[in-house]
Amino acid sequence: MQEPTIQKLFDLTGRVALITGGSGYLGQALSRALAEAGALVVIGSREQNRAQSVADALPSPWGVIHRAVALDHLNESSLNEGFDAAVSAAGRVDILINNGQQGHALDLTNVTAEAFNKDLQNATGYFLLARRLRDHVVSRSVPGSIVMIGSMYGVVGSYPDAYEGICAASPVQYHTLKGGIVHMTRHLAVYWAKDNVRVNCLSPGPFPSEKAPSQMVERLKVKSPAGRMGEPHELKGPLLLLVSDAGSYVTGQNLLVDGGWTAW
Ligand SMILES: NC(=O)c1ccc[n+]([C@@H]2O[C@H](COP(=O)([O-])OP(=O)(O)OC[C@H]3O[C@@H](n4cnc5c(N)ncnc54)[C@H](OP(=O)(O)O)[C@@H]3O)[C@@H](O)[C@H]2O)c1
């Protein structure tokens, strides 16, 4: 076999990528990474109109028309209808990015059983969508790539000092959820490797949006080895490595992009 060039390895031309939560703070940058690399991107949001406006704003270097679907991953019929709509609008799906996140801002002092269980359902939705992608690519006899968006808080405990006196601590159910997503990644990767379906996790460190309390952000900066917060574009390259042929022998891994936070 002729060795592929680095340009070919990172090229997503001809691939279709579905991303959930594509309207979000990080979701928009991740979507642009996929589009700029040549993929046809299907934006998933709980609101069709919101998804459509994000899809319309994406770059299209080779003239593909990006698509939009309504998809709520906490609702089984909605996630199945959203996946079907993506296949019907784009013709197929080769790459799935499970990025959407719905949670309660309740910490270990006041979270209810109902809120805790509801937040864990994000993992159920990630799994059901991943299985749809796996079955879909296997039925077409083509490779597939799945990326779960985890978190550094799926690997390490909270940093209580950052939140004390400012806002709720990072929720215990969020840590439980993200740790579960990191480990689900390994389990699915093992089962689906021979199906030519790779499953990896991309775990951001601190990437606070402008909505985050500035005092808390300052405390996070002090703790970070890099001394600063991540910028959404700093997830674009790592995502591309995982979804493209550049990462063709990478599966079951959790890539932490955290400015060194978990290296302490
Ligand atoms: N920002 C950080 O510092 C950070 C750090 C570590 C990990 N992460 C992870 O990165 C991912 C993106 O975070 P973000 O900061 O970009 O958050 P965000 O701006 O709040 O975006 C999350 C997106 O999820 C979508 N969403 C919410 N509930 C959903 C559901 N039930 N079904 C489908 N989509 C749903 C929302 O889109 P619609 O309202 O349009 O449906 C929203 O755009 C999350 O998984 C988060 O846990 C973020």
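Because the structure is predicted, anything quoted here is derived from the model rather than measured. Atoms within each ligand, like the ligands themselves, are counted from 1 in listed order.
Protein heavy atoms all stay at least 4.0 Å away from atom 17 (O) of ligand 1. Distance check on atom 20 (O) of ligand 1: every protein heavy atom falls at or beyond the 4.0 Å cut-off.
Comparing Arg50, Gln121, Gln28 against atom 38 (P) of ligand 1, the shortest heavy-atom distance belongs to Arg50. Residue nearest to atom 10 (O) of ligand 1, selected from Ile19, Ile149, Leu256, Val257: Ile149 (by heavy-atom distance).
Both the backbone and the side chain of Arg46 come within contact range of ligand 1, each with a heavy atom under 4.0 Å. Residue Asn75 does not touch ligand 1, judged by heavy-atom distances below 4.0 Å. Using a 4.0 Å cut-off between heavy atoms, Met152 makes no contact with ligand 1 at all. At a heavy-atom cutoff of 4.0 Å, ligand 1 is contacted by no atom of Tyr153, backbone or side chain.
Distances between N or O atoms of Pro206 and those of ligand 1 include no value under 3.5 Å. Between Gln102 and ligand 1, an N or O atom pair is found at a separation short of 3.5 Å. An N or O contact shorter than 3.5 Å links His73 to ligand 1 by distance. Looking at Thr20 next to ligand 1, no N or O pair under 3.5 Å apart turns up. Checking only distances, Leu26 does come within under 3.5 Å of ligand 1, N or O to N or O. Distances between N or O atoms of Phe207 and those of ligand 1 include at least one value under 3.5 Å.
Shown here are the side chain to side chain contact (heavy atoms under 4.5 Å, CB included) partners of Leu120, two or more places apart in sequence or in another chain: Phe116, Thr176, Leu177.
With respect to atom 11 (C) of ligand 1, the closest heavy atom belonging to the protein is Asn99 OD1, 3.2 Å. Looking only at protein heavy atoms, the nearest one to atom 5 (C) of ligand 1 is Gly205 O, 3.2 Å. In this structure, atom 27 (C) of ligand 1 lies nearest to the protein heavy atom Gln101 O, 3.2 Å. Regarding atom 6 (C) of ligand 1, its nearest protein heavy-atom neighbour is Pro204 O, 3.4 Å. Scanning the protein for heavy atoms near atom 37 (O) of ligand 1, the closest one is Ser23 OG, 3.2 Å. Nearest to atom 25 (C) of ligand 1 among the protein's heavy atoms is Gly21 CA, 3.6 Å. With hydrogens left out, the protein atom closest to atom 47 (O) of ligand 1 is Tyr174 OH, 2.7 Å, a heavy atom.
More than 12 heavy atoms of other residues, nucleotides or ligands shown are found within 6.0 angstrom of OH on Tyr25. More than 12 heavy-atom neighbours from other residues, nucleotides or ligands sit within 6.0 angstrom of NZ on Lys223.
With hydrogens and angles ignored, the 3.5 Å screen pairs no side-chain donor or acceptor of Tyr153 with any backbone N or O of Val172. A donor-acceptor pair under 3.5 Å is formed between the side chain of Asn122 and the backbone N or O of Gln102. A donor-acceptor pair is defined here as one N or O able to donate and one able to accept, closer than 3.5 Å; no such pair exists between the side chain of Glu76 and the backbone of Leu128. In this structure a side-chain-to-backbone donor-acceptor pair under 3.5 Å is present from Asn99 to Gly21. Between the side chain of Arg219 and the main chain of Glu164, a donor-acceptor pair closer than 3.5 Å is present. Side chain of Gln253 to main chain of Asn200: no donor-acceptor pair is present (N/O by atom type, distance under 3.5 Å, no hydrogens or angles). Using a distance-only test at 3.5 Å, with no hydrogens or angles considered, no donor-acceptor pair links the side chain of Thr185 to the main chain of Gly252. Remark: side-chain polar atoms of Ser203 are not paired, donor with acceptor, to backbone N or O of Met152 under 3.5 angstrom. No side-chain donor-acceptor contact under 3.5 Å links Arg67 to the backbone of Val87. Not a single donor-acceptor pair under 3.5 Å links the side chain of Asp11 to the backbone N or O of Gly38.
Distances below 4.0 Å separate heavy atoms of Asp72 from the following atoms of ligand 1: 30 (C), 31 (N), 32 (N). Per-residue contacts place Tyr126 under 4.0 angstrom from the following atoms of ligand 1 (heavy atoms of the residue considered): 45 (O). Those atoms of ligand 1 with a heavy atom of Leu71 less than 4.0 angstrom away are 32 (N), 33 (C).
A heavy-atom distance below 4.5 Å is found between the side chains of Asp195 and Arg134.
The closest side-chain donor-acceptor pair between Asn117 and Gln121, if any, does not fall under 3.5 angstrom.
The shortest heavy-atom distance from Gly150 to ligand 1 is under 4.0 Å. Within the 4.0 Å heavy-atom cutoff, Met229 does not count among the residues contacting ligand 1.
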